[in-house]
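The structure under discussion appears below in the form of structure tokens.
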Protein chains: 2
Amino acid sequence: MTSKTDPVSESLVDMMARDIQAGVFTPGTWLKQIDLEKRYSATRMDVRRALDQLALKRLVRHVPNKGYHVHALDDRQASEIRDVRVILETAAVDSMIDNIRDTDLEDLRKLATRFNDLILTGTILEQYEANIAFHMRLLTLCPNQELVNVVTELRGRGPSAPASQWKTRARVEQSGREHLMMIDALEARDASALRRILTAHIRQTALAESLEVQPSQRKSG
Amino acid sequence: MTSKTDPVSESLVDMMARDIQAGVFTPGTWLKQIDLEKRYSATRMDVRRALDQLALKRLVRHVPNKGYHVHALDDRQASEIRDVRVILETAAVDSMIDNIRDTDLEDLRKLATRFNDLILTGTILEQYEANIAFHMRLLTLCPNQELVNVVTELRGRGPSAPASQWKTRARVEQSGREHLMMIDALEARDASALRRILTAHIRQTALAESLEVQPSQRKSG
DNA sequence: GGTTCAAAAATTGGCGCCAAAATGTTTGCA
DNA sequence: TGCAAACATTTTGGCGCCAATTTTTGAACC
């Protein structure tokens, strides 16, 4: 609305990506251009551009003369993406601990608390966005901006949290607890602990105490 | 190549990306749509779509009402991208060694030899493509397809090898030697050595013998 | 001779229309 | 009543034109 082509199109891509991530469009849904231009009040051309960009990002798939549909990742892909995230985010831990300051910890506590509050009072979408906010704040402690970009893209490409990961209330609450554990590990400058928690958090697996610290990705499938 | 729009557009993106990587369009060059549609004999619309996709990939930058120009990465970004590649490719080493077979080693030797031959007889573009072929063959030993995708994308986003990395003949020859060293390390199942060579190869730094084995990314800037 | 302003050429970018393809529906026939 | 074929509607996708903006060229003036 403000300027001409790029910010509009870019935010349209972001909006659509967020809606897909948040589960507004479930995997397999055919995205009809007419519906999209009404929903986002955008022009046909902008919708098509956004669709193309999302196809490049692998969020949707394009079938010529048929349309675009939301791409459902199979388990193998989802698992592989999680493994890549684990590699990158655990590799970022050292630099995060090197660079963290007290204000960062305060911010993170606020964001983690906000997420926990929204488990009770908020909508799924609010929870989703609060979760993203926490993780972005955490990740940007890493000075490597490109690493942050790659992880952000991977998170967007992975299966949407509300749809597939937060299946139960208990699982969401567990995520909230893990956020706080991460902050504690950060405050204690305990890189090993942070890596362990992050790995379990991303993989959505139970924290195994006997697990090795280093997150070797070994067999990925 | 069979159906209508997508493969055409996709290959156009690939062609333009390769030309940018190979240094046909130097950083800063304004990509005029008319020239592009003549060079690739594509329609105006396909050119614009490809340009948009390349902008999303950060290979070109878009200035509204002015056009698209080849994006020159600053040193910090280039260094950060290299660091991310080091993290991912060294993390892949274990699974590569787990999965390697004799035919893989043979293929790699052929590709490495081909690269070395082309140092003398081939054009820059041939060298560039032979190098890519070797690295892709090596990387796809890793069973994590998504990791391969991310690294491939990162390689395409980084500074083009002919333009900025292979400044001297000596440097190219050193790269060729390092390829062979990687194969030797693979054959010996020596993960540490392979990680060390890979790190130096990606960062284009001299192999420091006293360097620690584990490639901590620490300070990235 | 240099600078500034204006007109012209070139380039980008948006919008709409229409054809091709696919889907859904109705109708006719066995 | 069930199936199939033709028709109608919907949707995608390509093409072209023209407006808006920028760059370049040229000329006049200081």
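What you see below is based on every heavy atom in this structure, not just the backbone, and it leaves out hydrogens, waters and symmetry mates. Worth saying up front: this structure is predicted, and the values here are computed from it rather than measured. To find a chain, count down the sequence lines: A is the first, B the second, and so on, and within it residues start at 1.
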For this session: Mind calculating the distance between CZ (Arg48(A)) and P (dT11(D)) to the nearest angstrom?
Result: 15 Å

Seminar exercise, completed: To the nearest angstrom, the NZ-C1' distance between Lys66(B) and dA10(C) comes to 14 Å

Exercise. Within this structure, what is the CZ-to-P distance between Arg44(A) and dC18(C), rounded to whole angstrom?
Worked result: 15 Å

Exercise. Pairs in or reaching into residues 142-153 of chain B: which pass salt bridge (charged side-chain N to carboxylate O under 4.0 Å, His left out), with residues at least two apart or in two chains?
Worked result: Arg157(A)-Glu146(B), Arg157(A)-Glu153(B), Glu153(B)-Arg157(B)

Exercise. Whole-Å distance between dC15(D) P and Met45(B) CE?
Worked result: 8 Å

Problem set entry | Contacts of Thr29(A) that satisfy side chain to side chain donor-acceptor pair (under 3.5 Å) - sequence neighbours left out | Thr26(A)

Problem set entry | Heavy-atom neighbours of Arg137(B) CZ exceed 12 at 6.0 Å | yes

Exercise. Can you tell me how far C1' of dT10(D) sits from CG of Asn65(A), to the nearest Å?
Worked result: 14 Å

For this session: Return yes when atom CZ of Arg171(B) has more than 12 non-hydrogen atoms of other residues, nucleotides or ligands closer than 6.0 Å, and no otherwise.
Result: yes

Exercise. How many angstroms lie between atom CD of Glu89(A) and atom CG of Leu138(A), to the nearest 0.5 angstrom?
Worked result: 7.5 Å

Exercise. Closer than 4.0 Å, any side-chain N/O of His62(A) to the OP1 or OP2 of dG13(D)?
Worked result: yes

For this session: Grab the OH-P distance between Tyr68(A) and dA21(C) for me, whole Å please.
Result: 17 Å

Exercise. Separation of His69(A) atom NE2 from dT12(D) atom P, in whole Å?
Worked result: 13 Å

For this session: Name the orientation class of the two ring planes belonging to His179(B) and His135(B) (parallel below 30°, tilted from 30 to 60°, perpendicular beyond 60°).
Result: perpendicular

For this session: Would you kindly give the CG-to-P distance between Asp46(B) and dT12(C), to the nearest whole Å?
Result: 16 Å

Exercise. Going by number, which of residues 27-37 of chain A have a non-hydrogen atom under 4.0 Å from DNA chain D?
Worked result: Leu31(A), Lys32(A), Gln33(A), Ile34(A)

